[in-house]
Amino acid sequence: MARSFKRPDEAAMQRVFARISGGAAEVVLRLAWLQGLSRKELNQLTWDQVDFANRVLLLPERTVPMAEPVAECLQKRWALYHEQSERVIIAER
């Protein structure tokens, strides 16, 4: 039996991204919505799993090609936070 998933409306998601641009919430939503990462994968994602050169996320059980908006978002986040934490998703407080 095939599973079906309800995907958010793209226009609605773009409005959300416009409101939360630049924060951790944007990264979480982009990785979950566009890349299909699970909560566990999001929580455990580290910078050494992000391959900017090949535009992929190297997860333990799979390799995920990065959509362009995700790659851009992660590059901005890397510039700001990679020296503070090995984790991609961290609180900004």
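Hydrogens, waters and symmetry mates play no part in the numbers below; they use all other heavy atoms, side chains included.
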Begin with the C-alpha distance, continue with both residues' side-chain angles, and end with the deciding distance and a verdict on side-chain contact (heavy atoms from CB on, under 4.5 Å) for Arg87 and Gln44. CA-CA 7 Å; Arg87 301 256 183 219; Gln44 296 177 351; 3.9 Å; yes
Pairwise side-chain contact, [X] with [Y], heavy-atom cut-off 4.5 Å (strictly under):
X: Leu29; Y: Leu34; result: no
X: Leu37; Y: Leu57; result: yes
X: Gln35; Y: Leu45; result: no
X: Gln49; Y: Leu59; result: yes
X: Met66; Y: Leu74; result: yes

Salt bridge check, Arg62 against Glu41: does any charged N sit closer than 4.0 Å to a carboxylate O? yes
side-chain hydrogen bond (donor to acceptor under 3.5 Å, both in side chains) contacts in which one or both residues fall within residues 51-60, not counting sequence neighbours: Asp51-Asn54
Going through the distances and angles, do Trp47 and Val88 end up as a side-chain contact (heavy atoms from CB on, under 4.5 Å)? CA-CA 6 Å; Trp47 288 116; Val88 173; 3.7 Å; yes
What do you reckon, is CD of Glu83 surrounded by more than 12 foreign heavy atoms closer than 6.0 Å? no
Judged by atom type as modelled, is there a donor-acceptor pair below 3.5 Å linking the side chain of Glu72 to the main-chain atoms of Pro69? no
Check whether any side-chain N or O of Arg30 sits under 3.5 Å from a backbone N or O of Cys73 as a donor-acceptor pair, and report yes or no. no
Does the pair Asn43 and Ile89 meet the rule for a side-chain contact (heavy atoms from CB on, under 4.5 Å), with working shown? CA-CA 7 Å; Asn43 287 331; Ile89 307 298; 5.6 Å; no
According to a 4.5 Å side-chain heavy-atom criterion applied to Ile, Leu, Val, Met, Phe, Trp and Tyr, with indirect links allowed, do Val27 and Val56 form part of one hydrophobic cluster? no
Chi angles and distances behind the side-chain contact (heavy atoms from CB on, under 4.5 Å) call for Leu58, Val64: CA-CA 7 Å; Leu58 305 166; Val64 179; over 6 Å; no
